[in-house]
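All remarks here apply to the structure that follows.
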Amino acid sequence: MTTRIGITGAAGRMGKILIEAVSLNETTTLTAAIERPVSSLLGADAGELAGIGKNGVALVANLADVIKDIDVLIDFTVPAATLTNAQVCFANGKGLVVGTTGFTEAEREQLSAYGEQGALCVAANYSTGVNVSLKLLELAAKAMGDDVDIEIVEAHHRHKVDSPSGTALAMGEAVAGAVGRDLSKVAVYGREGIVGARERDTIGFATVRGGDVVGDHTVMFMAEGERLEVTHKASSRMSFARGAVRAAAWLSQQPNGSYDMQDVLGLKSL
């Protein structure tokens with residue numbers, strides 16, 4: 001069965017790649033493309049805009065106008081827009097795949113609550129490689145966590161507005177959870193000046209921004225005499241887009257509830 005996909009933020013960089021990814025997946029079809037009401041591209045053909053040829057789907061300004069045409073919405077926009085779109089989706093019995101980052105704690109709680117109303121998939125990163133990395137990090141942390149210093153370094157393009165990245169935070173959560181720590185209490189975001197000796201339980205984050213870096217993440221487990229590094233490097237946003245489309249097709253077959261990419265890939269049972 002073909003899953004009917006809607007994409008919001010369709011004229012943006014990620015939106016265009018998502019449109020292409022939907023066309024490359026044999027189980028999905030693009031049936032709606034949504035942009036901001038102020039966009040000059042409203043009415044344009046989504047396929048032509050994405051560079052894959054006309055597909056007959058015109059950009060519209062209001063999700064509610066096309067909600068009946070979709071099974072699942074993919075949203076990689078901004079927190080406020082995502083929360084508004086979630087209300088529309090679940091009021092109409094539609095699934096929602098969220099790739100938006102930069103949520104506050106209160107916004108994350110609000111989004112999670114929607115899982116009681118519909119099928120919701122939220123992930124900091126939809127790349128298959130990143131999600132395998134999260135599983136590897138749990139294993140490494142359980143084996144080494146009490147005897148090593150743990151640091152996370154991430155790099156992204158100069159236009160990224162949130163820091164650390166959602167993926168870096170997800171990696172931090174995976175490591176902290178594996179060793180029984182609360183990331184909100186042990187995270188250190190940057191260091192400057194005379195900060196004193198490093199405390200073993202802390203998990204450090206370092207952020208790099210510049211150029212057109214799609215996304216690099218490295219978690220270092222540093223002990224006396226050895227260092228283990230788990231690294232993932234993304235060279236194209238298509239890896240995220242393909243994963244999100246895969247998640248949407250999977251989500252369309254699931255009951256109401258909150259899911260993540262680990263569920264989609266079946267990694268939680270490993």
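For reference, positions follow the sequence shown, starting with 1.
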key: Check: T101/D162 side-chain N/O donor and acceptor closer than 3.5 Å   = yes
Item checked: Geometric class of the F76/Y126 ring pair [parallel <30°, tilted 30-60°, perpendicular >60°] -> tilted
*Is D201 salt-bridged to K185, cutoff N-O under 4.0 Å?*
no
The reported gap from CD1 in I34 to CG in D65 (rounded to nearest 0.5 angstrom) is 9.5 Å
Rounded to the nearest 0.5 angstrom, the CG-CG distance for L251 and D71 is 10.5 Å
Residue pairs meeting salt bridge (charged side-chain N to carboxylate O under 4.0 Å, His left out), one or both in residues 203-212, sequence neighbours left out, come to E154-R209
So Y259 and W250, would you call those rings parallel, tilted or perpendicular, with 30° and 60° as cut-offs? perpendicular
Expected output: side-chain K135 to main-chain L267 donor-acceptor under 3.5 Å:
yes
Ignoring hydrogens and geometry, is there a side-chain-to-backbone donor-acceptor pair from N62 to A64 under 3.5 Å? yes
Rounded to the nearest 0.5 Å, the CG atom of L134 sits from the CG atom of L265 at a distance of 10.0 Å
- [ ] Can you establish whether the number of heavy atoms outside R227 located under 6.0 Å from its atom CZ is more than 12?
- [x] no
Item to complete: Determine, step by step, whether T2 and T29 satisfy the side chain to side chain donor-acceptor pair (under 3.5 Å) criterion, reporting the C-alpha distance in whole Å, the side-chain angles of both residues, the deciding distance to 0.1 Å, and the verdict.
Response: CA-CA 7 Å; T2 299; T29 301; 4.6 Å; no
Only pairs under 3.5 Å count here: list side-chain donor-acceptor contacts from residues 5-25, not counting sequence neighbours, and write none if there are none.
{"residue": "S23", "atom": "OG", "partner": "E20", "partner atom": "O", "Å": "2.5"}
{"residue": "N25", "atom": "OD1", "partner": "T27", "partner atom": "N", "Å": "2.8"}
{"residue": "N25", "atom": "OD1", "partner": "T27", "partner atom": "OG1", "Å": "2.6"}

Check: Would you say the side chains of T31 and D69 form a donor-acceptor pair under 3.5 Å?
Finding: no
Does R237 CZ have over 12 foreign heavy atoms under 6.0 Å away? yes
Practice item. Show your reasoning for whether side-chain contact (heavy atoms from CB on, under 4.5 Å) applies to F221 and V175. Key: CA-CA 10 Å; F221 298 87; V175 169; 4.2 Å; yes
